[in-house]
Amino acid sequence: MVLRVLELFSGMGGMHCALDLSGREYEIIAAIDINPTANLVYASNFPEVSIINRSIETIPLKQWEKWSADLWTMSPPCQPFTRQGKQEDLNDRRTDGFVHLMKNILSQLNSKPKYILLENVFGFQNSDAHQLLLHTLQSNHYSYEQYLLSPIQFGIPNSRLRYYLIAKQQDQLNTNASVLQTRISNFDRLLTKLHEQFPSKCGGSYDKNSLHRNDQITDQCSHSSEILIDSNQSMLINDFLVSNENSEFELDDKQLKRGLHVCDIITCHAKRSFCFTKSYGKYFEGTGSLFRTETDRIRYFTPKEIANLHCFPQGYHFPEEITNRQAYALLGNSLNVFVIGVLLENLFERC
Ligand SMILES: C[S@@+](CC[C@H](N)C(=O)[O-])C[C@H]1O[C@@H](n2cnc3c(N)ncnc32)[C@H](O)[C@@H]1O
């Protein structure tokens, strides 16, 4: 059976890319997002998908009945819940789309999706929006599992601790659904695929298990992350680079003066990088790591390299009219495709 998928808050299409990893036959019946830049990038990568440039809260129930989707994927806006923001939660108008989905759509729909996958920032789990989500799922006979996971747990050298929920209608996913799990199983198949996609570039000359002197970063977000792989499976920043040197992305003298003091600077041997946010390239502090090249130049990671760290497929691209700033903003809002792939694997396994 071809899985009918609605990609809600679709951004640059991270969920779509993760579905490709799942091996399931699927069709994205619509991708919905109000950001024209995101939609342009999405369309350039997936021209066959119908993209709806419209607020979710303006789409009436009858349209959702018509779609009759099997799976909803969603990454609702995270600003109402981030530590840097005002944490206005449900009082922030940016949650309107999510609230509409919970109260006016999922609760009323005859053709409810069998599966739901939701991603949000660390912190969402303490919000009223989270309470609304769990309450709506329970009253509509979904069982669910909740996770806090970061790519670094799978040996991907990037911290991005996120809240995830997978839900299935009328099934026992987990008897203890209220527990936030920080471990997940069932990822070996995808890990093999990932290592094929980003093979080690070290050629055996470098000991992957030793830390480099520059590989010392503090990421407050990853405090609860437990490493789930053997140490010989961890990957290095080098495996995700397009090239070591790239003069176009080097910092100028003024930027160096400011950036050197507040930024994490890592080399190709690093096993970690700081979580890349939508302000990467705009501000330094807490927005993502900088890269020290072999000739000791300091540069930004390129958008393609961050997309690689997010495990987007090799063929994923940004159209020429998209500026680097725009690409960084989309990537900062996006997700790690591998981690979503693992969650889908776990969700579908319980079919
Ligand atoms: C966290 S990002 C989603 C990232 C996406 N999963 C990806 O892979 O890029 C949230 C997205 O929701 C969109 N959005 C915010 N409010 C919306 C609304 N009311 N209706 C539709 N889209 C909305 C934003 O434009 C943004 O692209």
Side-chain angles (χ1 to χ4, degrees), residues 5-21 28 30-46 49-60 63-64 67 71-82 84-85 88-90 92-105 116-124 127 129 133 151 158 160-166 275-280 303 306-313 316-319 322 326-341 343-344:
V5 184
L6 273 178
E7 194 175 2
L8 312 175
F9 310 99
S10 47
M12 55 182 280
M15 295 282 189
H16 188 147
C17 295
L19 274 154
D20 275 340
L21 294 177
I28 308 268
I32 308 172
D33 201 292
I34 46 168
N35 180 342
T37 313
N39 291 343
L40 200 148
V41 175
Y42 192 113
S44 172
N45 284 279
F46 307 109
V49 174
S50 154
I51 299 171
I52 300 181
N53 190 344
R54 189 168 158 186
S55 299
I56 279 180
E57 58 271 37
T58 66
I59 302 175
Q63 178 60 65
W64 302 83
W67 276 325
L71 165 65
W72 286 4
T73 65
M74 59 170 122
S75 309
C78 53
Q79 295 88 343
F81 319 108
T82 47
Q84 295 86 352
E88 289 195 66
D89 204 334
L90 293 176
D92 187 320
R93 294 279 59 86
R94 286 171 290 194
T95 58
D96 285 358
F98 172 74
V99 172
H100 175 71
L101 277 175
M102 294 298 112
K103 291 190 174 167
N104 307 331
I105 306 300
I116 295 175
L117 191 161
L118 176 141
E119 178 256 2
N120 215 285
V121 283
F122 178 79
F124 177 80
S127 67
L133 171 68
N158 184 232
R160 198 172 183 84
L161 185 65
R162 289 290 180 270
Y163 169 87
Y164 300 98
L165 177 138
I166 50 176
C275 180
F276 293 99
T277 75
K278 65 177 182 189
S279 301
Y280 190 63
I306 298 175
N308 285 347
L309 283 164
H310 284 353
C311 305
F312 275 72
Y316 195 94
H317 63 275
F318 292 95
I322 297 294
Q326 287 174 319
Y328 287 139
L330 293 177
L331 287 158
N333 269 336
S334 191
L335 44 79
N336 188 286
V337 170
F338 174 85
V339 179
I340 296 287
L343 286 154
L344 286 172

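These numbers come from the heavy atoms of this one structure, side chains and all, not from hydrogens, waters or symmetry mates. Indexing begins at 1, ligand by ligand and atom by atom, following the structure's order.
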If we ignore hydrogens and angles and just use 3.5 Å, is the side chain of Asp89 paired with the main-chain N or O of Ala129 as donor and acceptor?
yes
Do the rings of Phe318 and Tyr316 sit parallel, tilted or perpendicular, given the 30° and 60° boundaries?
perpendicular
Working note: Asn35 + Leu330, criterion side-chain contact (heavy atoms from CB on, under 4.5 Å); need CA distance, chi angles, decisive distance, verdict.
CA-CA 10 Å; Asn35 180 342; Leu330 293 177; 4.0 Å; yes
Any nitrogen or oxygen of Arg94 lying under 3.5 Å from a nitrogen or oxygen in ligand 1? Just yes or no.
no
Would you call Cys78 a ligand 1 contact, heavy-atom distance under 4.0 Å?
no
Sub-4.0 Å heavy-atom approach of Arg54 to ligand 1
yes
Which of these passes side chain to side chain contact (heavy atoms under 4.5 Å, CB included) with Pro76: Leu133, Asp96, Thr95, Asn120?
Asn120
Main-chain N/O of His16 paired with Glu7 side-chain donor or acceptor, under 3.5 Å
yes
Contact check, Ala38 vs ligand 1, heavy-atom distance below 4.0 Å
no
What protein heavy atom sits nearest atom 9 (O) of ligand 1, and how far off is it?
Met12 N, 2.8 Å
Give me the atom names and distance for the closest heavy-atom approach of Val121 to Arg162.
CA-CD, 3.8 Å
For Met15 and Ser75: C-alpha separation, side-chain torsions, deciding distance, then whether side-chain contact (heavy atoms from CB on, under 4.5 Å) applies.
CA-CA 9 Å; Met15 295 282 189; Ser75 309; 3.6 Å; yes
Atom 7 (C) of ligand 1: closest protein heavy atom, distance to 0.1 Å, is Ser334 OG, 3.3 Å
Could you pull out, from Ile52, Thr73, Leu101, Asp33, the option with a heavy atom nearest to atom 26 (C) of ligand 1?
Asp33
N/O to N/O below 3.5 Å, does that happen between Asn333 and ligand 1?
no
Can you tell me the protein heavy atom closest to atom 15 (C) of ligand 1 and the distance?
Pro77 CG, 3.3 Å
For Ser55, take its heavy atoms, then give the atoms of ligand 1 lying under 4.0 Å from any of them.
20 (N)
Closest approach of any protein heavy atom to atom 6 (N) of ligand 1, naming residue and atom:
Ser75 OG, 3.0 Å
For atom 22 (N) of ligand 1, what is the closest protein heavy atom, and at what distance to 0.1 Å?
Ile34 N, 3.4 Å
At what distance is the nearest protein heavy atom to atom 20 (N) of ligand 1, and which residue and atom is it?
Ile56 N, 2.9 Å
Please walk me through it: do His317 and Ser44 pass side chain to side chain donor-acceptor pair (under 3.5 Å)?
CA-CA 8 Å; His317 63 275; Ser44 172; 2.7 Å; yes
Taking the non-hydrogen atoms of Leu335, is any one of them nearer than 4.0 angstrom to ligand 1?
yes
So is Phe312 polar-close to ligand 1, meaning N/O to N/O under 3.5 Å?
no
I'd like to check Trp72 versus Leu101 (side-chain heavy atoms, cut-off strictly below 4.5 Å). Are they in contact?
yes
For ligand 1, is Glu57 a contact, meaning one of its heavy atoms is under 4.0 Å away?
yes
Is there a side-chain contact (heavy atoms from CB on, under 4.5 Å) between His310 and Asn158 once you walk through the steps?
CA-CA 8 Å; His310 284 353; Asn158 184 232; 4.2 Å; yes
Do me a favour and list the nearest non-hydrogen protein atom to atom 3 (C) of ligand 1 with residue, atom name and distance?
Phe9 O, 3.2 Å
Over 60° means perpendicular and under 30° means parallel, so tell me whether Phe98 and Phe124 are parallel, tilted or perpendicular.
perpendicular
